[in-house]
Amino acid sequence: MLKTALVPLSLRESRAALSALARELKIMGTRELTLLHIASSPASSTEALSSKIQDRAAIFEEEGLIVETVLRKGSPALELTRTARDLGTDYIAFSWKRKSWLQRTLIGSTTQDSIRLSDRPVYIRKGAVRGPAASLRGGAGSGQAAHEDSLVVVYATDFGATDAAVMPFLHRPNIPIDRLVLLHVGPRAPDPMAESRRLAAAEANLKRLASECNVPAVATRNVAGAPKQKIAREAARLGARLVVLGKRDAPGRFAGVLGSTAGALAFQSRASVLIVPPPSSRRAADEKSQEQHS
Amino acid sequence: MKHLNPVFIISLSIVLALVALGALAPDLLDSSSALVHGFILERFGFAYLLAGIAFLGFCLVMAIGPYGKLKLGADEEKPQYGYFGWFSMLFAAGMGIGLIFWGVAEPLSHYIAPPAYLESGTPESAAFAMRYSFFHWGLHPWAIYIVMSLSLAYFSFRRGMPPLISSCFYPLIGDHIYGFVGKSIDILAVFATVFGVATSLGLGALQIGGGLSQVFGIPSGMTTTLIIIVVVTILYLISSMTGLDKGIQILSRTNVFIALILLAAVAILGPTNFILDVFTDTLGAYLSQLLPMSLTTAPFEGFDWINSWTVFYWAWWISWSPFVGLFVAGISRGRTVREFVLGALLVPALLAFVWFSVFGGAALHMELRQGVDIASGAVADSSGALFVVLGAFPLSGVLSILAVLLLSVFFITSADSATFVLAMMTSRGSFSPPAAKRIGWGVVQSSAAAVLLLSGGLEALQRMAIVAALPFMFVMLFMMRSLLRAMSYELRYERNSN
């Protein structure tokens with residue numbers, strides 16, 4: 001499911017970060033990838049840029065991955081999502097570079113824009129929280145029961161249409177998950193009785209989802225609160241190395257202003273993040289692409 | 001002992017301690033309360049204004065938006081009281097005695113002492129005086145009350161929780177409402193209610209004394225005031241024991257009836273056309289200036305006037321909101337959110353506009369057209385201003401007796417409903433609080449008013465109520481958030497699943 005990846009390069013990434021990303025892409029089952037650099041300045045020298053991209057490609061090839069390179073010009077997030085669609089890659093993988101709130105406000109964030117625009121899954125590889133935990137495998141998180149070398153994945157579900165899109169990714173061998181925690185964060189009901197009904201319904205749904213997973217260890221967690229604030233915190237508590245979240249087709253009315261849960265999670269989570277868009281958006285995008293080509 | 005819950009014990013202890021301080025060391029209470037009160041009004045004035053407009057906006061969203069169709073009770077429930085009974089009780093609890101007190105005095109005060117950028121005693125200051133009287137008693141106070149009462153009614157009648165202010169925070173803090181945070185909110189509500197109502201009772205007793213002196217020549221001294229408090233306390237305790245269905249409802253209906261007679265008499269016997277002109281003109285000015293007035297802090301002209309009037313009022317309404325909110329919630333069961341918000345926002349505000357137009361208009365007519373100087377007297381003694389105006393009318397004796405009667409009944413209904421609400425808040429939200437608790441709170445309220453009138457600490461007590469309003473403003477802002485979250489949850493999850 002994650003066989004081909006599109007990896008955007010700013011060309012400011014360190015060799016270590018790219019090397020770590022390459023190893024993790026392999027763990028995710030990726031065999032081929034396209035390295036893409038989008039030059040924002042028309043004056044940039046094509047030869048010089050191509051040479052730099054080739055240099056970075058060698059890092060991925062060292063890990064046994066088949067690499068192609070592409071150089072484009074234009075708006076990064078738009079070009080990135082368009083290229084992913086044109087090439088038909090399975091997902092987009094970012095090497096995370098932390099930006100402060102001020103940087104994000106003033107300069108913007110290609111990652112956040114890509115999450116919003118992309119009809120492909122977006123994977124964001126985060127830096128290590130502690131020492132050797134620079135990759136998906138290895139290094140426990142801060143939470144309980146995370147073995148040094150186990151891949152603990154948290155899937156934050158809202159029991160909506162996103163389940164259908166995300167669940168296939170959570171089957172072995174698509175992602176070699178050692179321990180899966182199904183997390184539901186929902187708003188607290190207005191009164192204690194309604195809250196106990198909500199909790200019971202959520203528990204039943206979590207159990208149903210758990211029964212559909214073929215992962216060695218599956219646990220469930222049910223939390224009341226605002227998803228945007230709670231998912232990252234719970235994932236850290238659970239020792240997650242990867243947080244998976246489904247993206248909605250039609251987010252809430254205020255998401256445009258306040259930002260979506262997926263966008264917020266990309267910045268808040270200390271673990272790597274995989275955001276999966278609904279299948280309908282990919283279908284619509286593919287149909288549109290075919291029409292344009294024909 | 002089963003009724004002695006922490007909210008009751010702690011709030012009663014705080015109230016008694018402060019009343020004792022006011023009685024034994026009034027100067028200390030006066031200086032310390034003045035310090036805190038001045039600091040709050042000066043530093044948080046802008047916050048009160050912003051909160052006021054936020055409350056009004058919230059009410060409009062509730063009335064117009066999808067939440068309007070939700071019922072304050074089960075879906076099949078019908079309203080417990082008819083419109084006249086409901087409006088009468090709304091008005092009696094929310095405005096009542098204060099409106100009678102300030103109906104003449106406030107327009108005259110603004111007329112004679114407007115902000116520095118206006119000249120005193122001019123037609124411009126008269127228009128300003130009427131506009132700001134409308135503003136202070138119009139939509140904003142009711143928006144503040146509605147935020148509180150709507151939340152209480154929704155969480156109590158629709159969600160089956162106890163009618164306590166802490167219950168309204170379940171969507172935000174969950175089971176913490178049963179712990180320290182919840183109890184603190186409820187204690188603060190009791191604190192604000194006792195001091196707010198005790199102050200109003202003290203001022204009301206003074207005004208009744210002034211009226212009796214005017215009509216019957218009874219000397220208006222401290223003895224008269226204390227006798228008034230004792231008599232009225234006995235009457236409202238009797239009324240309180242009969243519960244909402246009988247005592248308060250009958251008195252409120254009687255009250256509105258007397259108020260309408262007095263209003264009609266002054267409007268007909270007084271300068272009718274002038275009053276109608278004042279009403280029309282001020283209503284237009286109020287509506288067109290609503291937003292600017294709501295957010296005027298006058299930073300370049302000096303904040304003093306806004307501070308002493310608008311900010312003071314906003315804080316005052318907030319300090320009254322736990323009491324009025326609980327009472328109004330109790331009488332609004334079975335109404336839809338839309339009906340409740342529109343009814344409670346528009347009808348009492350309209351009645352206040354008419355009241356100010358008639359009494360303020362008549363007083364300004366005497367000042368501007370007849371050359372009678374009543375404004376300086378009204379500013380010096382606000383409690384006697386109404387009777388000075390009535391004294392210039394034909395049948396002044398009858399009108400003054402009606403006014404005294406109205407004041408007394410409003411006094412009884414305010415104290416009566418406050419007693420009921422206090423007993424309810426300190427009995428874990430029971431709609432049938434024990435009689436001993438009702439009597440206890442009634443006696444505490446009246447004693448506080450009497451003791452502080454004697455010691456001169458009444459104004460200090462009023463300032464304490466204003467001080468309590470600051471944390472309550474934040475409580476109410478969170479309350480809006482909580483109510484929105486609860487209603488959104490209901491519409492999104494529960495209605496859809498049905």
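Per chain, numbering begins at 1; letters A, B, ... match sequence-line order.
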Checked G225(A), P192(A), A226(A) vs chain B; the most non-hydrogen pairs under 4.5 Å come from P192(A)
Honestly, the part of L483(B) sitting under 4.5 Å from a heavy atom of chain A is neither
Should the ring pair W86(B) and F340(B) be called parallel, tilted or perpendicular, given that the plane angle runs from 0 to 90° and is split at 30 and 60? tilted
Where do W142(B) and L90(B) land on the side-chain contact (heavy atoms from CB on, under 4.5 Å) test, with the steps shown first? CA-CA 10 Å; W142(B) 286 97; L90(B) 277 181; 4.3 Å; yes
Any carboxylate oxygen within less than 4.0 angstrom of a Lys/Arg side-chain nitrogen, looking at R208(A) and E212(A)?
yes
**Study point:** More than 12 heavy atoms from other groups under 6.0 Å of CZ on F474(B)
**Key:** yes
Cut-off 4.5 Å, heavy atoms of chain A, and the answer for F169(B) is neither
